Chemist: 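Here you go, one structure.
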Amino acid sequence: MATEVDISPREAEVLELLGAHYSNAEIAARLFISVRTVESHVSSLLRKLQVPDRRALAQRADAHQPQHEPVPLPAPLTSFVGRAREVAELSEVVRTHRQVTAVGPGGVGKTRLALAVATEVAAQYPDGVWFVDLIPVTDPGMIATAVAGALGLGEQPGRDLTESVVAALADRHALLVFDNCEHVVDEVALLLERLLAACPRVTVLATSQARLMVPFERVYQVPPLSLAGESDAVTLFMERATAAGGPLDQPRHDQIAAICERLDGMALAIELAAARYPALGLDGIHAALSHPLRMLAGGSRADERHRSVRAVLDWSHALLEPADQELLHRVSIFVAPFSASAAAEVVGSPMDVVTDGLARLAEQSLLAVTASPTGTYYRALETIRQYGTERLGQAGELAGTRTRHLRWCLTQAARLTVAGPDWRARFDAVADDLRAALTWAASEPEQRADAHRLARHLAELTFTRHLIGESQQRFEQASALADNPAATATMLRQAADVAGCRTRGDDMYRLHRAAAAAARRAGDTAGAAVDLATAATTAYRFSSTFTRITPEEEAVALVTEARELAGGDLAAEAAVALAEAAVLSDAFGAAQGPAGNAVPETLARAGRAVELARRIGDPLAESAALDALTAAHAWAGDTFACATTAGRRITLLSTMAGKREAPGGIHELIDGLGMAVQTSLGAGNLTDARRWGRQLADHPALAEVGHRAVSWLLVTDALAGNVDELLAGSTRFLDAWRRADSPAKATLGPAAAAVAMIHNLRGDHDAEREWQTVLDRLDDSPERQYGYGALYDAMRMLHHGNAAAAMDRLAPEPGEVWKWVTWIWLHWYVAIRAEAAVLAGSPHARDRLATARAITAGNPVAGAIVERAASLLDQDPKRLLATAGAFEAAGCRYQAARSLLLAGGDHTARGAATLTDLGLAP
């Protein structure tokens with residue numbers, strides 16, 4: 001029966017995207033809202049739909065359901081009985097202590113109590129209550145992944161998930177429920193120590209069979225259900241017995257109480273016994289329990305409670321048919337909810353037989369059943385799952401069952417390589433089992449080949465799922481499991497490509513050198529040469545992503561060794577040629593490189609690298625070589641050659657078949673798009689700059705780092721005068737940058753400065769000051785002082801009619817500041833500098849115009865600025881007005897409006913109206 005739930009249209013949109021398994025940042029980018037707003041909607045949906053976590057929300061999402069229809073509330077699998085005193089006590093402890101561990105033996109009811117308490121105190125945590133299920137976590141290194149998944153966090157390139165979790169919760173007032181910590185106590189403790197220290201308003205409620213031994217921990221011992229009077233234990237038994245189909249018309253309270261007392265008030269034991277009521281009746285249950293439980297004398301009460309559950313499991317198990325016993329044992333190998341078809345494959349029985357058996361196990365409370373839009377799923381409680389796997393071991397069937405489970409996982413992994421609209425949901429449904437199977441197989445020598453295959457599959461799948469930290473880990477694991485050094489080298493190269501996507505330069509360098517060593521062991525000296533040369537190139541090409549900057553002599557030694565190993569192999573020669581352009585000619589770092597480097601030599605080496613890469617037919621190698629050539633052209637001051645070469649690179653990458661979605665292809669494309677935006681800006685091609693910038697902003701690999709994704713698009717929109725687009729993008733930039741813990745990245749400086757400038761032109765000085773503060777955090781380099789910072793300051797001064805100040809700000813000759821203006825800003829710098837000189841009445845104005853005209857010839861925007869300045873100097877109103885059309889054609893409405901304002905007379909009103917329409921102050 002549907003219950004009316006007040007879900008807003010925006011919440012319905014969020015719920016639909018949750019159903020597609022998108023992270024909070026991905027949802028925010030799609031809906032153009034902040035991540036904080038998404039978090040609020042998710043928290044609200046959890047409360048309204050009365051489900052514990054995001055996975056349950058995803059199961060509830062129905063993209064085809066009209067938003068105005070009522071959303072059916074989920075029927076709890078079983079009701080929560082009693083525990084009023086415990087809920088009150090534990091709620092009070094949670095309110096007054098930041099880390100509380102609910103401790104008790106398996107089956108006492110810790111999880112249900114924790115959920116009830118979380119519901120009770122939820123209103124006191126405005127940033128939500130988040131449930132982290134640790135049962136499926138078989139690899140201790142995946143705890144942060146589980147927490148991030150519960151919070152809806154994706155992985156941010158450049159940070160591991162633990163850092164992302166801590167940063168996301170740093171200023172949150174939230175409650176985290178960590179359920180079933182006992183098998184990963186040490187790792188949970190390490191995470192909680194860091195979390196509690198860095199997140200002062202976060203509270204953690206954990207459930208575990210043992211305390212976590214962390215600072216600030218307050219332990220709450222979960223007692224059995226009450227046995228006195230109208231006890232919770234009796235109430236639970238009666239409710240579960242009735243639900244099992246055996247109504248207690250005249251319940252014999254004393255006999256039920258005696259049964260519950262024999263079971264020590266253990267919730268799981270009582271539920272298992274009550275499930276047998278329809279078949280055995282109270283007398284049968286009492287008689288069946290009497291004999292085994294008499295053996296429980298001696299030992300502590302806690303031990304007896306453990307034994308109570310074990311005894312009832314033994315008894316309940318003994319009442320099963322042998323086929324159902326075997327089925328329970330074998331499905332206990334699954335760590336996540338599983339379907340009947342999955343069970344049939346692992347058990348090795350016909351589907352109809354397995355389906356009937358699963359239904360019988362569910363009737364006996366040995367399996368929980370969940371219905372979802374994609375089908376029916378089963379899951380054993382952790383205590384029962386452990387019992388089942390123990391039985392497998394006792395029967396000598398554990399290895400065989402794990403092997404079948406491993407084969408099933410390999411099949412699922414292979415099927416998942418085919419993408420589809422529900423790909424994320426399908427991966428998430430089996431991911432924990434893939435990880436569990438790999439953890440086991442990796443430790444079994446006879447399973448090494450299958451473990452290697454599964455590690456490779458999981459590396460590829462997690463990369464597609466944007467779990468890039470795990471992807472790198474799995475590729476490295478696959479390299480260690482490979483049975484020959486050639487395969488080891490291949491996996492290490494893949495790991496290096498993923499490290500590039502993570503902006504982990506040190507890892508790229510390490511992994512390429514390790515691949516070279518493996519290739520040498522395999523007798524592949526040419527492959528080793530490629531790896532060594534690539535390591536050297538990486539040290540220069542991606543130096544901004546390194547923690548340890550590779551010394552020049554070390555990089556040169558790698559190039560020398562690579563040249564010796566190349567042996568005439570064309571691919572090796574191409575890699576060495578690129579490394580020579582990078583290391584020996586310093587194409588990527590020329591602004592900081594040795595003064596003796598010759599431009600012709602650098603261009604020649606980069607050109608040779610491009611030619612060799614083209615001959616071997618490797619588009620990624622050719623793209624890297626084109627990047628070197630672009631940098632060489634920039635060093636030579638050839639802005640248009642830069643843009644042309646960067647455009648060739650994008651064309652090459654966009655038509656690349658089979659590699660676009662691979663780690664190396666994605667890493668190269670993102671870098672290439674960034675270069676294409678920058679060089680297009682330098683050449684005044686705002687249309688292409690915006691096109692490439694939009695592709696960069698929308699790239700899925702950058703969804704979690706919106707500040708990186710939109711940075712160059714913000715610069716483009718600022719220079720073009722696209723104010724509305726800039727304001728929308730700046731919200732995403734600021735939100736993502738703060739979530740990333742406000743990193744001091746100079747590469748983001750131009751974007752922040754551009755936004756600050758636009759706020760100044762809008763007259764919003766509070767927002768301008770906020771962005772100046774961001775800029776101060778990001779960049780204090782000479783490029784800000786003499787490059788983009790000088791340009792933006794001068795544009796702002798000219799907008800306000802202060803030409804003399806603008807001329808002073810751009811006082812240095814272009815040759816004096818070439819290191820900071822040559823890449824993007826040279827044409828803009830000399831054009832605005834010339835206009836400032838004209839408007840300020842400088843005696844050097846005509847000389848500056850001549851210099852600027854020679855440099856900017858062919859640049860539609862900078863050339864029009866120079867032409868406008870010349871027409872002002874020559875007092876030629878017709879030429880001046882013509883520049884307005886030139887700016888419009890170039891997509892630069894802001895400069896078009898300035899031309900109208902500078903023309904004066906009747907044109908002033910049109911210029912002011914255009915500025916107002918743009919959202920700027922005239």
Side-chain angles (χ1 to χ4, degrees), residues 681 684 686 711 714-727 729-730 733 748-776 778-812 817 820-821 824-842 848 852 861-862 864-866 868-869 872 887 892-902 911-912 914-922:
L681 284 172
L686 296 180
S711 61
L714 290 176
V715 173
T716 305
D717 283 332
L719 293 174
N722 301 326
V723 177
D724 289 343
E725 292 88 342
L726 176 136
L727 294 178
S730 68
F733 179 104
L748 301 174
V755 177
M757 178 186 73
I758 290 298
H759 281 302
N760 176 276
L761 303 190
R762 295 175 68 233
D764 188 345
H765 298 297
D766 288 340
E768 180 189 9
R769 280 189 290 273
E770 179 184 18
W771 280 92
Q772 285 290 349
T773 300
V774 172
L775 179 58
D776 290 340
L778 290 171
D779 190 14
D780 60 358
S781 70
E783 184 179 0
R784 175 182 172 187
Q785 176 65 26
Y786 301 112
Y788 70 84
L791 172 66
Y792 291 153
D793 287 347
M795 290 178 64
R796 179 167 49 237
M797 293 165 181
L798 289 176
H799 181 88
H800 296 297
N802 196 347
M807 188 176 68
D808 289 343
R809 185 69 177 90
L810 299 177
V817 293
W820 303 290
V821 300
I824 304 172
W825 314 111
L826 178 61
H827 288 195
W828 295 88
Y829 185 94
V830 299
I832 295 294
R833 186 172 186 263
E835 182 168 271
V838 169
L839 291 172
S842 169
R848 289 190 176 182
V861 178
I865 293 173
V866 173
R868 181 173 65 197
L872 286 168
F887 286 125
C892 193
R893 293 186 67 200
Y894 169 70
Q895 293 296 347
R898 274 189 50 76
S899 289
L900 294 172
L901 288 172
L902 290 169
T914 301
L915 288 179
T916 301
D917 185 52
L918 290 174
L920 301 175

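If you read the sequence from its start, that first residue is 1, and numbering goes on from there. If you're wondering where the values come from, they're calculated on a predicted model, not measured in any experiment.
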Chemist: For D779, which residues count as a side chain to side chain donor-acceptor pair (under 3.5 Å) partner, sequence neighbours excluded?
Modeler: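 In terms of side chain to side chain donor-acceptor pair (under 3.5 Å), with neighbours along the sequence ignored, D779 is linked to S781, Y788.
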
Chemist: Does anything in residues 794-805 form a salt bridge (charged side-chain N to carboxylate O under 4.0 Å, His left out)? List the pairs, not counting sequence neighbours.
Modeler: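 Matches after skipping sequence neighbours: D793-R796.
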
Chemist: Kindly write out the residues that satisfy side chain to side chain contact (heavy atoms under 4.5 Å, CB included) with Q785, not counting sequence neighbours, or none if the list is empty.
Modeler: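 Here the qualifying residues are R809.
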
Chemist: Looking only at heavy atoms, what is the nearest atom pair of L686 and A720, with distance?
Modeler: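 Minimum heavy-atom contact is CD1-CB, 3.9 Å.
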
Chemist: In Å and rounded to the nearest 0.5 Å, what is the CH2 to CD1 distance from W771 to I758?
Modeler: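 The CD1 atom of I758 is 12.0 Å from CH2 of W771, to the nearest 0.5 Å.
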
Chemist: Determine the minimum heavy-atom distance between G911 and L900, stating which atoms define it.
Modeler: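 Heavy atoms only, the tightest pair is CA-CB, 3.7 Å.
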
Chemist: Ring centres of W820 and Y829 under 6.0 Å apart?
Modeler: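 No, ring centres 6.0 Å or more apart.
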
Chemist: Is the ring pair Y792/W825 parallel, tilted or perpendicular, if the boundaries are 30 and 60 degrees?
Modeler: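 Y792 and W825: perpendicular rings.
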
Chemist: Test of understanding: with side chain to side chain contact (heavy atoms under 4.5 Å, CB included), list the residues that count as partners of E725, not counting sequence neighbours.
Modeler: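 Per chain and number, E725 pairs via side chain to side chain contact (heavy atoms under 4.5 Å, CB included) with R690, D717, N722.
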
Chemist: Restricting to pairs with a member in residues 780-791, which pass salt bridge (charged side-chain N to carboxylate O under 4.0 Å, His left out), not counting sequence neighbours?
Modeler: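 Those involving residues 780-791 are D776-R784.
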
Chemist: So which heavy atom on V838 is nearest to which on A869, and how close?
Modeler: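 Scanning both residues completely, I find the closest heavy atoms to be CG1-O, 3.6 Å.
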
Chemist: Who pairs with Y894 by side chain to side chain donor-acceptor pair (under 3.5 Å), at least two apart in sequence or on another chain?
Modeler: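 So Y894 forms a side chain to side chain donor-acceptor pair (under 3.5 Å) with H799.
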
Chemist: Provide the closest heavy-atom pair for A752 versus L778 in the form atom of the first, atom of the second, distance.
Modeler: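 That closest heavy-atom pairing would be CB-CD1, 3.7 Å.
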
Chemist: Check whether any side-chain heavy atom of L719 sits under 4.5 Å from a side-chain heavy atom of C892, and report yes or no.
Modeler: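 Not touching, per the 4.5 Å side-chain cut-off.
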
Chemist: Taking only residues two or more places apart in sequence, or in another chain, which ones meet S842 in a side chain to side chain contact (heavy atoms under 4.5 Å, CB included)?
Modeler: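 Applying side chain to side chain contact (heavy atoms under 4.5 Å, CB included) to S842 gives M807, A837, H844.
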
Chemist: Does W828 reach the side chain of V821, with side-chain heavy atoms less than 4.5 Å apart?
Modeler: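 No; the side chains remain at least 4.5 Å from each other.
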
Chemist: Could you work out, with salt bridge (charged side-chain N to carboxylate O under 4.0 Å, His left out) as the rule, every residue matching D724, not counting sequence neighbours?
Modeler: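 So D724 forms no salt bridge (charged side-chain N to carboxylate O under 4.0 Å, His left out) with any residue.
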
Chemist: Measure the CG-CG distance between L839 and L902 for me, rounded to the nearest 0.5 Å.
Modeler: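 Rounded to the nearest 0.5 Å, the CG-CG separation comes out at 6.0 Å.
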
Chemist: Decide yes or no on side chain to side chain contact (heavy atoms under 4.5 Å, CB included) for L727 and R762, but give the supporting numbers first.
Modeler: CA-CA 11 Å; L727 294 178; R762 295 175 68 233; 3.9 Å; yes

Chemist: How close do A754 and V715 get, counting heavy atoms only, and between which atoms?
Modeler: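 It is CB-CA, 4.2 Å.
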
Chemist: Which residue pairs pass the salt bridge (charged side-chain N to carboxylate O under 4.0 Å, His left out) test with at least one member in residues 824-838, sequence neighbours excluded?
Modeler: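 Those involving residues 824-838 are E813-R833, E835-R868, E835-R898.
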
Chemist: Rounded to the nearest 0.5 Å, how far apart are CG of L826 and CG of L791?
Modeler: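 The CG atom of L791 is 11.0 Å from CG of L826, to the nearest 0.5 Å.
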
Chemist: How would you list, by chain and number, every residue that makes a side chain to side chain donor-acceptor pair (under 3.5 Å) with E768, sequence neighbours excluded?
Modeler: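 For E768 the side chain to side chain donor-acceptor pair (under 3.5 Å) partners, ignoring immediate neighbours, are N760, H765.
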
Chemist: Taking salt bridge (charged side-chain N to carboxylate O under 4.0 Å, His left out) as the definition, give me every residue that meets it alongside D917, ordered by chain and number, with sequence neighbours left out.
Modeler: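 R893.
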
Chemist: The criterion is side chain to side chain contact (heavy atoms under 4.5 Å, CB included); which residues satisfy it with L901, sequence neighbours excluded?
Modeler: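 Scan of L901 (side chain to side chain contact (heavy atoms under 4.5 Å, CB included), adjacent residues dropped) gives T908, A912, L915.
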
Chemist: Report the C-alpha distance between F887 and I865 in whole Å, list the side-chain angles of each, state the deciding distance to 0.1 Å, and finish with yes or no for side chain to side chain contact (heavy atoms under 4.5 Å, CB included).
Modeler: CA-CA 9 Å; F887 286 125; I865 293 173; 3.7 Å; yes

Chemist: Which pair of heavy atoms, one from L918 and one from G721, lies closest together, and at what distance?
Modeler: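 Looks like CD2-O, 3.3 Å.
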
Chemist: Quick one: pull up OG1 in T716 and CG in L726 and give me the separation to the nearest 0.5 Å.
Modeler: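 The CG atom of L726 is 10.0 Å from OG1 of T716, to the nearest 0.5 Å.
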
